[in-house]
Enquirer: 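Starting off with a structure, shown below.
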Amino acid sequence: MAAKGFTVVARPEDADVAIIRLEAPSERLHPNNFFGSRQKEGRLDFRNGDAGYEALKAASAHVPTIVSVYLDRPAILTNVRDKAAVLLANFGVSDVALMDVLTGRASASGRLPFELPSSMADVSAQDPAVPDDSAKPLYAVGAGIMGAVRLRR
């Protein structure tokens, strides 16, 4: 961040903006199983007590917050979206590339390859043999850029 001309502070209340990087939630339900020890499974929603979600709540209570979520699997962003001034999905972006997008040096583009459901209840109601069949997804498959952001130093 300092290399991009920004000052990093220790407390959200001392910042002008916060940048939070999250990963799609997951659990290790079968750590002793060959496949279970190598893949993410379980819930897709952010919950109280999750370290990243707690950091988001703390930061967004004080300053506009930019959230970049690594979507190696669909995530439920219903309770993240309302805390984010900017919400970005990524599929493996470096800090440098993210800052280039946020400062306008590069442009973000892309579309979701899968829908993002609204709740775990919606996930449970889905037919496991049919992709993207949520009754009311938070973001439909193919959703993409809906605005732009530029941080000023």
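When reading the values below, keep in mind they use all heavy atoms of this one structure, side chains included, and skip hydrogens, waters and symmetry mates.
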Enquirer: Under a 4.0 Å N-O cut-off, is there an ion pair linking E27 with K40?
Expert: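 Judged by the 4.0 Å cut-off on N to carboxylate O distance, E27 and K40 do not form a salt bridge.
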Enquirer: Going through the checks in order, is the side-chain contact (heavy atoms from CB on, under 4.5 Å) test met by I66 and L102?
Expert: CA-CA 9 Å; I66 298 167; L102 294 178; 3.9 Å; yes
Enquirer: For S107 and V101, work out which heavy atoms get closest and say how close.
Expert: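 Distance-wise, the nearest heavy atoms are C-CG2, 4.2 Å.
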Enquirer: For the side chain of T65 and the backbone of V63, is there at least one donor-acceptor N/O pair under 3.5 Å apart?
Expert: yes
Enquirer: What's the shortest heavy-atom distance between A85 and P64, and which atoms?
Expert: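 The answer is CB-CB, 4.0 Å.
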Enquirer: Please name the pair of heavy atoms, one in M120 and one in I76, separated by the smallest distance, quoted to 0.1 Å.
Expert: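 For M120 versus I76, the nearest heavy atoms are N-CD1, 3.4 Å.
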Enquirer: Any non-hydrogen side-chain atom of F6 less than 4.5 Å from a side-chain atom of V17?
Expert: no
Enquirer: Distance from I19 atom CD1 to M99 atom CE, nearest 0.5 Å?
Expert: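 Result: 4.5 Å between the selected atoms.
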Enquirer: Answer yes if L22 and F91 sit in the same cluster of Ile, Leu, Val, Met, Phe, Trp and Tyr residues linked by side chain heavy atoms under 4.5 Å apart, and no otherwise.
Expert: yes
Enquirer: Please give me the minimum heavy-atom distance between A24 and F46, naming the atom from each residue.
Expert: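 Heavy-atom minimum between the residues: CA-CZ, 4.5 Å.
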Enquirer: Taking the side chain as every heavy atom from C-beta outward, state whether V69 and L88 have any atom pair closer than 4.5 Å.
Expert: no
Enquirer: For the side chain of D133 and the backbone of Q126, is there at least one donor-acceptor N/O pair under 3.5 Å apart?
Expert: no
Enquirer: Taking only residues two or more places apart in sequence, or in another chain, which ones meet V96 in a side chain to side chain contact (heavy atoms under 4.5 Å, CB included)?
Expert: K4, S94, D100
Enquirer: Could you tell me if R73 sits above the aromatic ring of F114, with its cationic atom closer than 6.0 Å to the ring centre and no more than 45 degrees from the axis?
Expert: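 Ring-cation test returns no.
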Enquirer: Got a sec, which residues hit side-chain hydrogen bond (donor to acceptor under 3.5 Å, both in side chains) with D45, two or more places apart in sequence or on another chain?
Expert: R47
Enquirer: Is any side-chain heavy atom of L44 closer than 4.5 Å to a side-chain heavy atom of L116?
Expert: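 No; the side chains remain at least 4.5 Å from each other.
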Enquirer: How far apart are the closest heavy atoms of D82 and N79, and which atoms are they?
Expert: OD1-O, 3.0 Å
Enquirer: With a 4.5 Å heavy-atom cut-off, do E41 and F35 have their side chains touching?
Expert: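 Not touching, per the 4.5 Å side-chain cut-off.
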Enquirer: Test side-chain contact (heavy atoms from CB on, under 4.5 Å) on Y70 and V93 and set out the steps.
Expert: CA-CA 8 Å; Y70 175 53; V93 66; over 6 Å; no
Enquirer: Does any non-hydrogen side-chain atom of E115 lie less than 4.5 Å from one of L138?
Expert: no
Enquirer: Say whether, by atom type as modelled, one donor and one acceptor occur between the side chain of K57 and the main chain of Y53 under 3.5 angstrom.
Expert: no
Enquirer: Do you know which two heavy atoms are closest between P117 and P74, and how far apart they sit?
Expert: CD-CB, 4.4 Å
Enquirer: Taking side chain as C-beta onward, heavy atoms only, is V86 less than 4.5 Å from V67?
Expert: no
Enquirer: Where do N90 and S68 land on the side-chain hydrogen bond (donor to acceptor under 3.5 Å, both in side chains) test, with the steps shown first?
Expert: CA-CA 7 Å; N90 81 72; S68 178; 2.8 Å; yes
Enquirer: Could you check Y139 against R81 for side-chain contact (heavy atoms from CB on, under 4.5 Å), going step by step and ending with a plain yes or no?
Expert: CA-CA 11 Å; Y139 294 103; R81 181 171 71 172; 2.9 Å; yes
Enquirer: Looking only at atom types and distance, does a side-chain atom of T78 sit under 3.5 Å from a main-chain N or O of S118, one as donor and one as acceptor?
Expert: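 Yes, the answer is positive, given that a donor and an acceptor are paired below the 3.5 Å cut-off.
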Enquirer: Between L112 and L71, is any pair of side-chain heavy atoms under 4.5 Å apart?
Expert: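 The answer is yes; the side chains approach within 4.5 Å.
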